[in-house]
Amino acid sequence: MRHGQVFQQLISTKENRGGGFLLLIDPDRYGQRQGLSMAEAAEDCGVDAIMVGSSFMLNTNFSQSVKEIKSATRLPVIIFPGSFAQLTPEADAVLFTSLISGRNPNYLIDEQVRGAPLVKKFNLETIPTGYMLIESTSLTSVQFISGTLPIPRTKPDIACAHALAAQYLGMKMVYLEAGSGATQAVPDEMIQMTSSYIDIPVMVGGGLSSPEECAKKIEAGASFIVCGNSLEDDPSHNYLRELTAATHSKEQVTV
Ligand code: 1GP
């Protein structure tokens with residue numbers, strides 16, 4: 001794929017389907033067979049792109065996992081790296097994130113400096129993204145690993161200011177993240193205020209576990225939904241279809 005194509009495809013999806021659904025495969029948590037089977041079924045079930053990565057990974061065979069996922073699907077495969085060690089030429093693009101809600105220089109700039117030469121060597125498309133951790137009422141892996149405070153869920157104004165800073169810094173997207181398996185997802189009000197305050201798309205993930213929730217986040221102003229954990233609990237194709245259909249607000253079938 002030529003550079004820029006993955007991001008452009010995401011934007012077209014938002015325009016044409018009303019919202020994009022990204023399936024997150026964490027190679028640590030999926031059995032290898034189960035991850036591949038999800039990747040194989042993803043396009044047919046309405047998924048728009050596959051993300052691979054984790055804030056903390058025991059898997060030492062990340063590149064091989066991405067290669068196998070890539071060969072199982074025609075969808076774009078985007079790395080969602082928890083560290084520069086999760087970069088591989090086997091993907092189409094990388095969500096080049098900076099954890100802008102935190103004040104830990106490692107995740108604001110250091111990982112990026114270590115990763116940049118690899119991104120160049122691997123010829124990966126970069127999607128510069130302001131990654132914002134939002135309080136979810138329980139301690140999440142990303143909060144623990146990054147050692148950063150999340151933005152309080154009752155303070156959408158703070159989220160807005162961070163998101164606008166990301167836009168002014170030239171980032172292409174912001175990601176409102178409650179953390180994988182979060183007990184509470186990012187509040188609708190925060191999504192609504194943030195998405196109407198900035199001109200770049202908002203991605204929302206963490207703890208989304210029903211089609212209704214996905215639909216509400218899109219209605220609030222999210223452009224993209226990321227789902228991982230709940231599909232590990234219920235990997236049925238029916239459930240995946242329900243999630244993607246709820247996200248594609250322009251394609252809702254009225255009976
Ligand atoms: C995690 O936002 C993603 O970074 C997805 O979260 O695993 O809870 O769906 P879940």
Side-chain angles (χ1 to χ4, degrees), residues 1-27 35-36 38-53 63 65-81 86-98 115 119-120 122-131 163 166-167 170-177 191 195 198-205 208 211 214-215 217-219 221-228 231 237 240-252:
M1 283 183 158
R2 91 189 130 68
H3 279 206
Q5 202 172 331
V6 174
F7 182 66
Q8 199 43 56
Q9 201 168 313
L10 290 178
I11 295 300
S12 304
T13 298
K14 161 70 183 160
E15 283 164 6
N16 299 332
R17 307 185 104 174
F21 186 95
L22 288 87
L23 167 68
L24 175 64
I25 297 180
D26 176 342
L36 284 183
M38 288 296 278
E40 277 161 11
E43 187 176 7
D44 186 49
C45 291
V47 171
D48 298 297
I50 294 180
M51 301 216 305
V52 192
S63 191
S65 300
V66 175
K67 185 177 183 178
E68 289 175 13
I69 289 166
K70 177 75 193 151
S71 65
T73 182
R74 293 185 309 173
L75 293 171
V77 175
I78 305 168
I79 303 170
F80 177 40
Q86 291 171 32
L87 291 169
T88 164
E90 305 298 341
D92 298 304
V94 55
L95 217 58
F96 204 77
T97 55
S98 173
V119 170
K120 185 176 170 72
F122 298 158
N123 198 27
L124 288 165
E125 173 181 338
T126 51
I127 305 176
T129 302
Y131 186 65
Q167 176 182 322
M171 293 175 176
K172 289 187 178 169
M173 247 187 340
V174 297
Y175 189 152
L176 302 183
E177 167 75 277
I191 298 169
S195 61
I198 58 174
D199 303 319
I200 54 177
V202 173
M203 185 175 262
V204 173
L208 298 175
C214 294
K217 304 306 170 196
I218 294 290
E219 199 183 324
S223 293
F224 305 108
I225 293 293
V226 182
C227 255
L231 283 151
H237 296 177
L240 181 54
R241 275 201 186 90
E242 284 172 11
L243 293 174
T244 61
T247 301
H248 298 144
S249 59
K250 284 192 183 169
E251 293 180 350
Q252 310 275 298

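Note that the structure is a prediction, hence the values are computed from the model and not measured. The basis for the numbers below is simple: all heavy atoms, side chains too, and nothing from hydrogens, waters or symmetry mates.
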Side-chain heavy-atom pair Asp48, His248 within 4.5 angstrom cut-off: yes
Might you point out which heavy atoms bring Leu243 and Pro211 nearest each other, and give the distance in Å? CD2-N, 3.6 Å
Evaluation steps, side chain to side chain contact (heavy atoms under 4.5 Å, CB included), between Val174 and Tyr131: CA-CA 6 Å; Val174 297; Tyr131 186 65; over 6 Å; no
Check for me whether Lys172 meets the cation-pi criterion with Phe7, that is, NZ or CZ under 6.0 Å from the six-membered ring centre and within 45 degrees of the ring axis. yes
Should we say atom CD of Glu40 is surrounded by more than 12 heavy atoms from elsewhere, each under 6.0 Å from it? yes
For a 4.5 angstrom cut-off between non-hydrogen side-chain atoms, does Leu124 reach Thr126? no
Please give me the minimum heavy-atom distance between Leu24 and Gly53, naming the atom from each residue. CD1-O, 3.9 Å
Restricting to side-chain hydrogen bond (donor to acceptor under 3.5 Å, both in side chains), what partner residues turn up for His3, sequence neighbours left out? Asn123
When rounded to the nearest 0.5 angstrom, what distance separates OG1 in Thr244 from CZ in Arg17? 7.0 Å
Closest approach of Leu208 to Cys227 (non-hydrogen atoms, all atoms of both residues): O-SG, 3.5 Å
Taking only residues two or more places apart in sequence, or in another chain, which ones meet Thr88 in a side-chain hydrogen bond (donor to acceptor under 3.5 Å, both in side chains)? Ser63
Result block: side-chain N/O donor-acceptor pairs under 3.5 angstrom for residues 89-97, not counting sequence neighbours:
from, atom 1, to, atom 2, distance (Å)
Asp92, OD1, Lys70, NZ, 3.1
Asp92, OD2, Lys70, NZ, 2.8
Asp92, OD2, Val77, N, 2.8

Taking the side chain as every heavy atom from C-beta outward, state whether Val226 and Met203 have any pair of such atoms under 4.5 Å apart. yes
Taking all non-hydrogen atoms of both residues into account, name the closest pair between Ile25 and Gly35 and its distance. CD1-O, 3.6 Å
Set of side-chain hydrogen bond (donor to acceptor under 3.5 Å, both in side chains) partners for Glu15, sequence neighbours left out: none
Determine whether more than 12 heavy atoms belonging to other residues, nucleotides or ligands lie under 6.0 Å from atom NZ of Lys14. yes
Quick one: side-chain hydrogen bond (donor to acceptor under 3.5 Å, both in side chains) partners of Gln5, sequence neighbours excluded? none
So, using salt bridge (charged side-chain N to carboxylate O under 4.0 Å, His left out) as the criterion, who are the partners of Glu43 when residues are at least two apart? Arg74
Within the structure provided, determine whether Val47 and Leu22 are in side-chain contact (heavy-atom separation under 4.5 Å). no
Restricting to non-hydrogen atoms, name the atom on Ile78 and the atom on Ala49 that form the minimum distance, rounded to 0.1 Å. CD1-CB, 4.1 Å
Does Asp199 offer a backbone N or O that forms a donor-acceptor pair with the side chain of Gln167 under 3.5 Å? yes
How far apart are the C-alpha atoms of Met173 and Ile200, what are their side-chain angles, what is the distance that settles it, and do they pass the side chain to side chain contact (heavy atoms under 4.5 Å, CB included) test? CA-CA 5 Å; Met173 247 187 340; Ile200 54 177; 5.6 Å; no
Quick one: are Leu87 and Phe122 in side-chain contact, heavy atoms under 4.5 Å? yes
Student check: side-chain heavy atoms of Ser98 and Met171 closer than 4.5 Å: yes
Do the non-hydrogen side-chain atoms of Ser223 and Val202 ever get within less than 4.5 Å of each other? no
Taking all atoms of both residues into account, what is the closest heavy-atom pair of Ala39 and Thr73, and its distance? O-CB, 3.6 Å
Please examine the side chains of Ile79 and Val52, heavy atoms only from C-beta on, and report whether any two atoms are closer than 4.5 Å. no
Lys250 and Asn16: side chain to side chain contact (heavy atoms under 4.5 Å, CB included), yes or no, with the steps? CA-CA 7 Å; Lys250 284 192 183 169; Asn16 299 332; over 6 Å; no
Would you say the side-chain atoms of Thr129 pair up with the backbone N or O of Ile127, donor to acceptor, closer than 3.5 Å? yes
Mutual orientation of the aromatic rings belonging to Phe80 and Tyr175 [parallel < 30°, tilted 30-60°, perpendicular > 60°]: parallel
His237-Asp44 side chain donor-acceptor pair, cut-off 3.5 Å: no
